[in-house]
Amino acid sequence: MAFLKILEYTRQIISSYLTTNDLTDVSFTVEPSKPGFGDITCNIAFLLAKKLHKNPQDISQEIVEFCSKELGSDIKNITAHPAGHINFELDFINFSKSVLEESQSPHYCDIDIGKSKKIIVEHTSVNPNKALHIGHVRNIVIGDIITRILKKVNYDVHTLNYVDDSGLQVADLIIGFKHCGFSEDPPDNEKFDHYCGDTVYVGTTEKYIDDKDLESKRHEILKAIEDINTETSIFAQKITRKVLDAQLKTVWNLGVTYDCLNFESQIIHSKLWDNIFSKLKSQNLVRLEKSGKNEGCWVISSKDEDDKILVRSNGVATYIAKDIPYAAWKLGIINDPFSYKIFTTQENNQTLYETTLDQRDSDTNKLSFSGDKVITVIDNRQIRLQKIITDLMRRFTGSDSYIHLGYESVTLSSNTSSILGFETSDKSVQMSGRKGFYVDADLILGNLHDKIYNESKNRNSSLSDSELNSIAKSVSVGTIRYEMIKPDLDKIITFDLETSLKIEGDTCSYIQYSYARAMRILEKSNNLITSVNFSNFTSQFEINLIKKIAMYDIQVSDAAKNLSPKVIARYCYELAVAFSSFYEHVMVLNAESDELIKSRLLLVHSFSLTLRNALSLLGIDSPSRM
RNA sequence: GGGCUCGUGGCUCAGCAUGGAUAGAGCGAUUGGUUGCGGACCAAUAGGUCAAGGGUUCGAAUCCCUUCGGGCCCGCCA
């Protein structure tokens, strides 16, 4: 019985006291205690003290007396702390038995919160004109981990990547190729996304400063891109698809996959906007301004904000007008104009589909990528626009079905900034793709890979080159993922090239290292784990480790309910700390008796399975050697 | 000007949703640890008016208000 069930059981004991005394409308908490205060604690006495105008201590005494008679086999003792808390002490033999047995299952702590409900997660959504930088990686990793966590709690999750293949940034590339003389073939087989971003995009942007004609060409080209089947739009498709292919290599390298790619050009061609616009008009959610500065525009109002223009006075829809139909499509509020064809099969054998407007292209029976609930991962700079969309979707569906999962940006430390050739007096600086000022994702992954390869080689003389490469990949990808997910979503990450290479302390490699140590113990043991005496776990180190293993379900539930990936990251770290301490202080293979060896091996096995399970939620591998 | 957000040891951050007991980690500093299953480790010491002030409360790092400081957003651009 992992922790959630025990908490629920404890809650019922308290509730039975409340019903017996006609006090049913109190919402109290039951949670794991801080060290030194039993195993489980309840705050009911404080709440009743307020309500009944009595001393919390007296109330807790009374509750303890009542509940002492109700304790089953899992709770050994219940005490009233002088401060007013009610503390429960577990029967540790029963507890370790159920925790260690349950944790042997690959479905350990699979909780059914989602009830198989369909949910859409959209993330990445990087313009296909440049390589991914470390800021994009934060988005991708958040989206991917949310996907994994929601699957764990039994949502039917579908992941989308929105490809904005018709914006100004794409027009800039076209101008670069068609009017600035950039070759379509990158020099020295440079990766195409790097070439487009660093050379063509940055170079073209610089040319705008001197050449004003070029500036005016941008909008002609933009319009041509949006038209279907023009020479320009066909060329733009070719270029953006090549960039996208290169970007996807980086994404897959990070262990991230999708279910479907949505192309903005097709959303435009599909006339989804006309569809949603008439819906907006018929429900009076937009209005045509008759006078004032926005005369002739269709605007949308929201409280505390200025009116937002959806359609300009010349009849052309604005940027946000592209997001609204897409959001509505994701929620299935409008008829799906798309067919779906196979884009490719990804490394994990997952099929990646893409939208198509040509029904003959369809590879399948009609698929659907809409859901009852939609999570859109976009950074907090877009919060105003996302709020408008969230409000609109609430009006359409009558529920909070559209969720903008925002996060703060990744900035560069002044040190890193000066390495990239931009001196600054500020502590940190925003990246800029347009200026070519950013930390490239492939580069940082490569640096980490090399460092870890060498590190591992020094420690393991016997490992082959391919084994070392596989370890370096697991640890480098894990390290980036962990660093991107560890801080709260609303904390700015100041990225520093130097400190990003650290592999000691609260890092992914520390966690993976604890796994590798556990695996070495298990490898060396010849003992089949059979019957185990659960009263053997007496040291604080063993008890702490078992309790941590038991708390996995609380963390999964917390992470899923609050869409908070860092909860799992912290848990993995705490679990690894508990094991490292155990490892240092408690002998396993050299324990005093066979019986002890067996019990401890079972514990080590439970630990390794639980850590691997938790790390997999973070998309982090668990190598058994490193 | 308006809105959003962050502020916890020298540095980087947990804890805040749901107020409660002793504010926890990592890095850095100082010190100790392998006749033990991997030292990417363990253990210990120093270091905190939880930005400031006020309020609510029996009780505030946590809730509310004000101020200060940092960041972001606010186009008939995308």
Side-chain angles (χ1 to χ4, degrees), chain A residues 27-29 31 33-37 41 43 45-47 49-50 55-56 81-85 87 127 164 166-171 218-219 222 264 289 293-299 304-306 308-316 318-320 322 379-385 387 406 408-409 411 426-428 430 452 455-456 459-460 475 486-488 490-494 496 499 502-514 516-518 520-525 558 561-562 564 566-567 570 573-574 577 580-591 600 604 625-626:
Chain A
S27 133
F28 57 95
T29 60
E31 22 180 52
S33 304
K34 296 191 212 173
F37 297 104
T41 190
N43 68 347
F46 296 113
L47 303 171
K50 192 162 274 180
N55 187 327
H81 189 273
H85 299 83
N87 295 328
N127 296 333
D164 184 355
S166 61
L168 262 186
Q169 344 76 29
V170 176
R218 280 175 103 191
H219 287 89
L222 180 61
E264 178 170 89
E289 286 292 56
K293 63 175 176 136
N294 293 338
E295 186 178 344
C297 301
W298 285 91
V299 302
D304 310 327
E305 302 273 349
D306 291 343
K308 193 82 202 163
I309 293 168
L310 288 188
V311 180
R312 302 180 182 95
S313 52
N314 66 3
V316 179
T318 58
Y319 168 66
I320 186 173
K322 291 178 184 170
D379 80 78
N380 272 338
R381 285 177 291 200
Q382 301 250 28
I383 199 165
R384 287 177 94 119
L385 289 182
K387 206 172 160 321
E408 271 298 337
S409 46
T411 62
D426 296 334
K427 275 180 91 175
S428 67
Q430 289 276 338
I452 289 156
E455 199 74 37
S456 194
R459 292 161 199 271
N460 301 282
V475 180
K486 192 170 55 156
D488 200 85
D490 52 25
K491 286 270 189 349
I492 294 169
I493 294 182
T494 303
D496 185 85
T499 54
K502 287 259 161 75
I503 53 170
E504 278 126 38
D506 183 359
T507 61
C508 181
S509 54
Y510 170 88
I511 299 168
Q512 288 172 317
Y513 182 65
S514 73
R517 282 172 138 187
R520 291 294 274 167
I521 294 179
L522 296 173
E523 270 173 37
K524 290 185 177 182
S525 74
D558 182 7
K561 285 180 179 160
N562 296 310
S564 181
K566 69 154 190 248
V567 169
R570 292 221 68 81
Y573 178 67
E574 285 170 18
V577 167
S580 295
S581 187
F582 161 86
Y583 181 91
E584 203 74 25
H585 296 98
V586 181
M587 283 293 102
V588 178
L589 298 177
N590 304 326
R600 288 178 185 168
V604 172
R625 296 288 295 266
M626 61 186 280

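What's counted below: heavy atoms across the whole structure, side chains too, no hydrogens, waters or symmetry copies. Chain A is the first sequence line, chain B the second, and so forth, proteins listed ahead of strands; every chain is numbered from 1.
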Whole angstrom value for the distance that separates P of C37(B) from CD of Glu584(A): 12 Å
Sugar-phosphate only, base, or nothing, as touched by Arg520(A) at under 4.0 Å among non-hydrogen atoms: base
Donor-acceptor pair present, Glu504(A) side chain and G26(B) base, under 3.5 Å: no
Whole-Å C1' distance, G71(B) and A51(B): 16 Å
Interatomic distance where CD1 belongs to Ile492(A) and P belongs to G71(B) [whole Å]: 9 Å
Worked verdict on Lys486(A) versus Asp506(A) for side chain to side chain contact (heavy atoms under 4.5 Å, CB included): CA-CA 10 Å; Lys486(A) 192 170 55 156; Asp506(A) 183 359; 3.7 Å; yes
Side-chain touch Gln169(A)/Asp164(A), heavy atoms, less than 4.5 angstrom: yes
Report, one pair per line, the protein and nucleotides 43-48 of chain B atoms (nitrogen or oxygen only) whose separation is under 3.5 Å.
residue: A43(B); atom: OP1; partner: Ser581(A); partner atom: OG; Å: 3.0

Side chain proximity check, Leu522(A) to Val604(A), heavy atoms < 4.5 angstrom: yes
Whole-angstrom distance between A46(B) and U67(B), as gauged at atom C1': 34 Å
His85(A) ring over G20(B) six-membered base ring, under 5.5 Å and 30°: no
Quick one: which protein N/O atoms are closer than 3.5 Å to N/O atoms of nucleotides 58-62 of chain B? Pair and distance per line, please.
residue: G59(B); atom: O6; partner: Lys50(A); partner atom: NZ; Å: 3.0

Non-hydrogen side-chain atoms of Glu295(A) and Ser313(A) separated by less than 4.5 Å: no
Side-chain donor-acceptor pair present, Gln430(A), Arg381(A), cut-off under 3.5 Å: yes
Sugar-phosphate only, base, or nothing, as touched by Ser27(A) at under 4.0 Å among non-hydrogen atoms: nothing
C1' spacing across the pair A14(B) / G9(B), given as an integer number of angstrom: 14 Å
Residues Phe46(A), Phe28(A); criterion ring-ring contact (aromatic ring centres under 6.0 Å, His included); working and verdict: CA-CA 9 Å; Phe46(A) 296 113; Phe28(A) 57 95; over 10 Å; no
Sequence-aligned protein contact record of nucleotides 73-78 of chain B, with B where the base is within under 4.0 Å of a protein heavy atom and S where only the sugar-phosphate is: BS-BSB
Per Thr29(A) side chain, nearest of listed nucleotides U18(B), G38(B), C6(B): U18(B)
Check: Asn87(A) side chain, A21(B) base, donor-acceptor under 3.5 Å: yes
C1' atoms of C72(B) and G15(B), separation to the nearest Å: 25 Å
C41(B) OP1/OP2 closer than 4.0 Å to side-chain N/O of Tyr513(A): no
Pairwise 5' ranking along RNA chain B for Lys566(A) and Ile503(A), keeping only the more 5' one: Lys566(A)
Gap in Å between the two C1' atoms, one belonging to G2(B) and one to G19(B), rounded: 32 Å
Nearest-neighbour nucleotide for the Asn460(A) side chain, A17(B), G38(B), G7(B) considered: G38(B)
Sugar-phosphate, base or nothing in reach of Val586(A), heavy atoms under 4.0 Å: base
Centroid distance under 5.5 Å and plane angle under 30°, Tyr583(A) vs C41(B): no
Validation row: Leu589(A), Ser525(A) side chains within 4.5 angstrom (heavy atoms): yes
A21(B) phosphate, OP1 or OP2, under 4.0 Å from Lys34(A) side-chain N/O: yes
Ser580(A) side chain to Tyr513(A) side chain, donor-acceptor N/O pair below 3.5 angstrom: no
For Asp426(A), all residues meeting side-chain contact (heavy atoms from CB on, under 4.5 Å), sequence neighbours excluded: Thr424(A)
Interatomic distance, Asn43(A) CG vs U18(B) P [rounded to whole Å]: 13 Å
Note, Ile309(A) side chain near Asn294(A) side chain (heavy atom, < 4.5 Å): yes
Touch class at under 4.0 angstrom, heavy-atom based, for Asn562(A) against every strand present: base
Criterion side chain to side chain contact (heavy atoms under 4.5 Å, CB included) on Arg625(A) and Arg520(A), from CA distance to verdict: CA-CA 8 Å; Arg625(A) 296 288 295 266; Arg520(A) 291 294 274 167; 3.2 Å; yes
Derivation of the side chain to side chain donor-acceptor pair (under 3.5 Å) call for Asn87(A) and Thr41(A): CA-CA 5 Å; Asn87(A) 295 328; Thr41(A) 190; 2.8 Å; yes
C1' gap between A29(B) and C73(B), integer Å: 41 Å
Student check: side-chain heavy atoms of Tyr583(A) and Val588(A) closer than 4.5 Å: no
P spacing across the pair A21(B) / A60(B), given as an integer number of angstrom: 10 Å
Heavy-atom side-chain contact between Glu408(A) and Asp379(A) under 4.5 Å: no
Touch class at under 4.0 angstrom, heavy-atom based, for Pro35(A) against every strand present: base
Spacing of Asp426(A) atom CG relative to C72(B) atom C1', expressed in whole Å: 14 Å
Nearest-angstrom distance, C1' atom, A61(B) to C77(B): 43 Å
Candidate nucleotides C41(B), U22(B), C13(B), ranked by approach to the side chain of Phe37(A) - the nearest: U22(B)
Backbone of Thr29(A) reached by a side-chain donor or acceptor of Asn43(A) within 3.5 Å: yes
Set of salt bridge (charged side-chain N to carboxylate O under 4.0 Å, His left out) partners for Glu504(A), sequence neighbours left out: none
Candidate nucleotides C72(B), G20(B), C37(B), ranked by approach to the side chain of Gln430(A) - the nearest: C72(B)
Interatomic distance, Lys502(A) NZ vs C11(B) P [rounded to whole Å]: 16 Å
Gap between atoms CG and C1', on Asp558(A) and A14(B) respectively (whole Å): 13 Å
Whether His81(A) and Phe37(A) hold their rings parallel, tilted or perpendicular, with breakpoints at 30° and 60°: perpendicular
Watson-Crick or G-U pairs under 3.5 Å in RNA chain B, rendered as dot-bracket with [ ] for crossing pairs and | for another strand: (((((((..((((......[...)))).(((((.......))))).....(((((..]....))))))))))))....
Listed nucleotide nearest any side-chain atom of Asp506(A), set A17(B), U5(B), G26(B): G26(B)
Distance in angstrom units between Glu31(A) CD and U18(B) P, rounded: 12 Å
Separation of G36(B) P from Phe582(A) CZ (nearest whole Å): 18 Å
Presence of Tyr510(A) side-chain N/O under 4.0 Å of C42(B) phosphate oxygens OP1/OP2: yes
